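In what follows, a structure is listed as structure tokens, so that the remarks can point back to it.
Note that this is a predicted model, so its numbers are computed, not measured. A note on names: the letters A, B, ... follow the listed sequences, proteins ahead of strands, and every chain is numbered from 1.
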2 protein chains.
Amino acid sequence: MATLDNPVDTACAGDSARCEHISRLLARISDKWSMLVVRVLGQGPRRFNALRRDVGEISQKVLASTLRDLEENGFVSRTVTPVTPPQVEYALTDLGRDFLQPVQTLAEWVLANSPRMDTARIEYAARRALD
Amino acid sequence: MATLDNPVDTACAGDSARCEHISRLLARISDKWSMLVVRVLGQGPRRFNALRRDVGEISQKVLASTLRDLEENGFVSRTVTPVTPPQVEYALTDLGRDFLQPVQTLAEWVLANSPRMDTARIEYAARRALD
DNA sequence: CGGGATCCTTATCGATACTG
DNA sequence: CAGTATCGATAAGGATCCCG
């Protein structure tokens with residue numbers, strides 16, 4: 001009955017426990033900024049404010065907490081060099097570099113298919129308009 | 001200076017416009033539930049309450065708005081059969097099926113690497129404990 | 001420079017009630 | 001069954017100030 005015959009079945013039809021497991025894991029990384037930060041760090045280590053510039057419109061509070069989460073999950077390392085002014089460098093760990101691959105896959109897909117998404121949005125709006 | 005030499009460079013070092021583009025696109029799909037719903041629908045069409053059971057701990061309100069977003073972005077189709085009781089079936093569109101691939105990649109990575117994440121969390125907690 | 005602490009403003013979510 | 005509408009709780013986010 002399954003529509004997919006992928007070799008590794010990670011689906012969770014009827015397996016709600018596994019589905020919840022995936023859910024919790026995805027929830028940890030699928031916030032608005034984590035993947036973006038991982039992507040930027042994939043180009044090399046960054047210091048806090050450099051990271052903030054590269055990521056875009058992110059507040060320092062949110063970036064700080066995002067980095068804490070990423071560090072907690074083992075994606076990012078935080079290296080403090082005690083000089084004046086203090087210097088803190090963020091870099092991807094081995095796990096973070098591994099994670100970069102699926103993230104890039106996703107990012108590339110999204111970039112490549114954004115026209116299709118835009119078209120769908122226009123059609124959706126048109127459909128809604130004539131109700 | 002880049003640490004990656006991937007063929008298709010979708011990174012955004014110094015290209016903040018592109019980065020923001022990716023940011024907006026990722027933000028549209030990287031909420032807590034969208035990928036999960038796409039995954040479940042990847043196993044075949046579902047009606048509202050069946051979907052709700054399969055996804056897990058999601059309220060009807062959030063599922064409804066998630067489905068609206070997915071429909072708006074062209075990932076999911078909504079087919080109403082006017083019978084009593086009313087019957088509404090959700091299914092992946094072509095775009096949604098395409099999207100399934102990077103989503104599965106991500107889900108499989110997360111499943112496979114959750115032990116590493118767990119270990120990192122324990123180590124992080126241990127480090128924090130001796131400050 | 002790299003944040004933590006605080007306050008305040010918004011989204012977000014869950015529960016309940018109600019409609020076709 | 002498949003939702004929408006409304007309300008209250010709660011979490012997320014921005015702005016500002018401050019410290020090492």
Between atom NZ in Lys61(B) and atom P in dA2(D), what is the gap in whole Å? 20 Å
Whole angstroms only, please: what is the NZ-C1' distance between Lys32(B) and dA11(C)? 15 Å
Length of the line joining Leu63(B):CG and dG3(D):P, which is rounded to integer Å: 8 Å
Taken to the nearest whole Å, CG/Leu67(A) to P/dG3(C) is 7 Å
When Tyr90(B) and Ile58(A) are each assigned the nearest nucleotide of DNA chain D, the 5'-most assignment goes to Tyr90(B)
Can you see if the side chain of Arg47(B) gets near the phosphate of dC1(D) - specifically, an N or O under 4.0 Å from OP1 or OP2? no
Are the side chain of Arg47(B) and the backbone N or O of Gln87(B) linked by a donor-acceptor pair below 3.5 Å? no
Quick one: label Arg78(A) by what it contacts on the DNA or RNA (base, sugar-phosphate, nothing), any heavy atom closer than 4.0 Å. sugar-phosphate
Please report the C-alpha distance between Leu111(A) and His21(B) in whole Å, then the side-chain angles of each, then the deciding distance to 0.1 Å, and finally whether the side chain to side chain contact (heavy atoms under 4.5 Å, CB included) criterion is met. CA-CA 8 Å; Leu111(A) 263 183; His21(B) 187 202; 3.8 Å; yes
What is the distance, to the nearest angstrom, from the CZ atom on Arg68(B) to the P atom on dA5(D)? 9 Å
Return the 5'-most residue of the pair Trp33(B), Val88(A) with respect to DNA chain C, ranking by each residue's nearest nucleotide. Val88(A)
From CG of Asn49(A) across to P of dC1(C) the rounded distance in Å is 6 Å
Roughly, in whole Å, what's the span from CD in Gln60(A) to P in dG13(D)? 13 Å
Under 3.5 Å donor-acceptor, Arg78(B) side chain and Val76(B) backbone: no
Per side chain to side chain contact (heavy atoms under 4.5 Å, CB included), Arg116(A) is matched among Thr93(B), Asn73(B), Leu95(B) by Leu95(B)
Return the value, rounded to whole Å, for the distance between atom CZ of Phe48(A) and atom P of dC19(D). 19 Å
